[in-house]
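Below, chains carry the letters A, B, ... as their sequence lines are ordered, and counting in each starts from 1.
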Protein chains: 2
Amino acid sequence: MGARRGEADEVVSAPGSAVDEPAVRERARAIPEAAVARLAVYLRVLSGMAEQSVTTVSSEELSAAAGVNSAKLRKDLSYIGSYGTRGVGYEVEVLVGQIERILGLTRKHSVCVVGIGNLGHALANYGGFPGRGFPVSALFDVDEDLIGVPVGGILVDHIEDIPRVCAEREVSIGVIATPPPAAQGVCDRLVSAGVQCILNFAPVVLQVPDHVEVRKVDLAVEMQILSFHVARRADEAAYADEGGMVVPG
Amino acid sequence: MGARRGEADEVVSAPGSAVDEPAVRERARAIPEAAVARLAVYLRVLSGMAEQSVTTVSSEELSAAAGVNSAKLRKDLSYIGSYGTRGVGYEVEVLVGQIERILGLTRKHSVCVVGIGNLGHALANYGGFPGRGFPVSALFDVDEDLIGVPVGGILVDHIEDIPRVCAEREVSIGVIATPPPAAQGVCDRLVSAGVQCILNFAPVVLQVPDHVEVRKVDLAVEMQILSFHVARRADEAAYADEGGMVVPG
DNA sequence: AGTCGCTTGTGAACGGATGCACAAAGTCGC
DNA sequence: GCGACTTTGTGCATCCGTTCACAAGCGACT
């Protein structure tokens, strides 16, 4: 992902001289993407614990609840600082606060949803967003029958108004839930409206400038990955049946 | 090089006695998970090309359309065999067929959706599934008002009937779109019904036996990852402005 | 045929993430 | 205060996936 930026033919110096790495570069922001995803999961688990008045948790307990191994959990947490107490564990409240800080959840992020079909409706009504600091503050579609209609308490605007409305409501995250052919156009509008992060549900590869972050959720791809595993299982079963496996003893 | 799958316990003979291992070679289904996900994307792009009567494509073109670099694309394709022609490229039809074969799409996979709320509705009506070999053939909920009601052409059954209905309709993939508290219970029912692959939209870490494959799609997590990037950007901008760094302890 | 240009397929280097194993650092009981 | 015990935080080895770079292979053109 974001590792590579800038123009290609810039840096390359001849090997041999001046190889001194400018140690200046790295700031603490070097959290692996995979770890960020897991931090979000830990946060959810921790929030649940906090609600049940759990005050302290060990890496072992938390990792079990999050479905990872404890060493990985500790390493992930170490990326954001040392907030544990050796011999005791982590204070739930502290961890929640720190993870929220790192994930940028102390600020609210306004979200807009584009494409108010089945999925768009579901997203607009999805309780998980506002509850976790992501107020859905704008909805867009092209269908004239939908414009002005409230969905989940928000009035639907026309796609043409994306730049104006997004600016007014300070939208920082755009969610695309349109049919595939419309996705790129919507994406371009969002980008020109200054939205820098996009969550794309349309089965399309979006072209965006370097400074825009895109994550995609493709249901068909997920299903196909599962299909692959179904097939692999079937193969393995057949293979085992045929006696390819040497069973000792 | 084929690093083998994790099965490991194979009979390892002395390095000198190199016997040919035809069965094992055929067994070399060691395709990285990440590559599988990309294959699904290539397949979508290729299908689009086929519809536009494109017959041949180079790794450069295809990789651009799929948003990856060409070396990675070639390596991904090499996992499934050598179906390209040097100096020319790949035949679209051939590639489509081979990827479908590897992903197990030559067989239909019946899907059931559990939890017919907003998201469940969206999934039941989602056109992308049946169009790609994933007929939704069963729906479940607990709400008595929904039982027997057709959604997307399928009647909703009660969750209690999961074992019977899934068996009857040979469901191989279960999709969980229930509220979080219900998810684990539903998951257990699916597992006991023999479903081996689960796509989980509930923000919960599911506990399943080893032989069951779970993929999760967590919208809140996706949003939080984006939030992290928003925050990181803001930090970078601030850092660039100040030109210095003081990290408070 | 021979050669030239193009594209695939892949060995090997690289880098990032994972898991292990242990020292450091704290608590608890006495 | 001290020693035993617990749990964190991390250096290190390992593994997996990505990227590079190039030989091998194919078609086209002379």
Side-chain angles (χ1 to χ4, degrees), chain A residues 1-5 8-9 11-12 15 19 21 25-26 28-39 41-42 46 54-92 94-95 98 225, chain B residues 1-8 25 28-39 41-42 46 54-92 94-95 98 225 249:
Chain A
M1 53 245 44
R4 186 156 164 40
R5 60 177 42 197
D9 41 287
V11 213
V12 186
V19 193
E21 274 298 321
R25 58 163 38 95
E26 281 311 317
R29 285 289 164 270
I31 306 180
E33 181 90 5
V36 173
R38 286 190 298 267
L39 284 172
V41 174
Y42 305 153
L46 286 164
V54 177
T55 58
T56 290
V57 66
S58 71
S59 64
E60 207 64 50
E61 295 165 331
L62 182 51
S63 67
V68 303
N69 95 24
S70 69
K72 195 190 299 192
L73 177 126
R74 287 198 300 275
K75 182 146 298 199
D76 287 344
L77 292 183
S78 78
Y79 290 127
I80 68 175
S82 289
Y83 301 106
T85 305
R86 296 175 190 227
V88 177
Y90 303 89
E91 230 177 299
V92 173
V94 172
L95 228 43
Q98 292 303 326
I225 294 170
Chain B
M1 274 297 263
R4 277 199 308 267
R5 229 178 80 66
E7 297 298 275
R25 175 152 165 60
R29 283 288 135 65
I31 306 181
E33 182 89 3
V36 173
R38 285 191 299 268
L39 283 171
V41 174
Y42 306 153
L46 286 164
V54 177
T55 58
T56 290
V57 67
S58 71
S59 64
E60 208 64 49
E61 296 165 329
L62 182 52
S63 66
V68 303
N69 91 28
S70 68
K72 196 190 301 196
L73 177 126
R74 287 199 300 277
K75 172 113 7 193
D76 287 345
L77 292 183
S78 78
Y79 289 127
I80 69 174
S82 290
Y83 300 106
T85 305
R86 293 170 193 232
V88 179
Y90 302 89
E91 232 178 296
V92 173
V94 172
L95 230 43
Q98 292 303 325
I225 294 171

Return the residues of residues 60-72 of chain A meeting this criterion: a heavy atom under 4.0 Å from some atom of DNA chain D. Order them by number, or give none.
none
Would you kindly give the [atom1]-to-[atom2] distance between [X] and [N], to the nearest whole Å?
X: B:Ile80; N: C:dT10; atom1: CD1; atom2: C1'; answer: 16 Å
X: B:Leu39; N: D:dG17; atom1: CG; atom2: P; answer: 13 Å
X: A:Gln98; N: D:dT8; atom1: CD; atom2: P; answer: 16 Å
X: B:Tyr79; N: C:dT8; atom1: OH; atom2: C1'; answer: 16 Å
X: A:Leu73; N: C:dT18; atom1: CG; atom2: C1'; answer: 13 Å
X: B:Leu77; N: C:dT7; atom1: CG; atom2: P; answer: 16 Å
X: B:Tyr83; N: C:dT10; atom1: OH; atom2: P; answer: 12 Å

OP1, OP2 of D:dT8 versus side-chain N and O of A:Ser59: anything below 4.0 Å?
yes
If you compare every side-chain N and O of A:Tyr90 against the phosphate oxygens of D:dG9 (OP1, OP2), does one of them come in below 4.0 Å?
yes
Are there any protein N/O atoms within less than 3.5 Å of an N/O atom in nucleotides 24-27 of chain C, and if so, which ones and at what distance?
| residue | atom | partner | partner atom | Å |
| --- | --- | --- | --- | --- |
| C:dA24 | N3 | A:Arg86 | NH1 | 2.6 |
| C:dA25 | O4' | A:Arg86 | NE | 3.4 |

Summary of salt bridge (Lys or Arg N to Asp or Glu O under 4.0 Å) pairs that have at least one residue in residues 75-85 of chain A, sequence neighbours excluded
A:Arg38-A:Asp76
Below 3.5 Å between N/O atoms, which protein atoms pair up with nucleotides 28-30 of chain D? Just atom names and distances, please.
none

Show me the donor-acceptor pairs, under 3.5 Å and distance only, between side chains in residues 81-92 of chain B and residues at least two apart or in other chains.
| residue | atom | partner | partner atom | Å |
| --- | --- | --- | --- | --- |
| B:Tyr83 | OH | B:Gln98 | OE1 | 3.1 |
| B:Tyr83 | OH | B:Arg101 | NH2 | 3.3 |

Nearest non-hydrogen partners of A:Leu62 and A:Val57, listed with the distance
N-CG2, 3.8 Å
For residues 66-74 of chain B, which side-chain N or O atoms pair as donor and acceptor with protein atoms under 3.5 Å away, sequence neighbours left out?
| residue | atom | partner | partner atom | Å |
| --- | --- | --- | --- | --- |
| B:Asn69 | OD1 | B:Ala71 | N | 2.9 |
| B:Asn69 | OD1 | B:Lys72 | N | 2.9 |
| B:Ser70 | OG | B:Glu60 | OE1 | 3.4 |
| B:Arg74 | NH1 | B:Ser59 | OG | 3.1 |

Go through the steps to decide whether A:Leu39 and A:Leu77 satisfy the test side chain to side chain contact (heavy atoms under 4.5 Å, CB included), and finish with yes or no.
CA-CA 8 Å; A:Leu39 284 172; A:Leu77 292 183; 4.1 Å; yes
Judged by nearest nucleotide, the residue sitting upstream toward the 5' end of DNA chain C, A:Asp76 or B:Arg74, is B:Arg74
State whether the distance check finds a donor on one side and an acceptor on the other, under 3.5 Å, for side chain B:Lys75 versus base C:dG9.
no
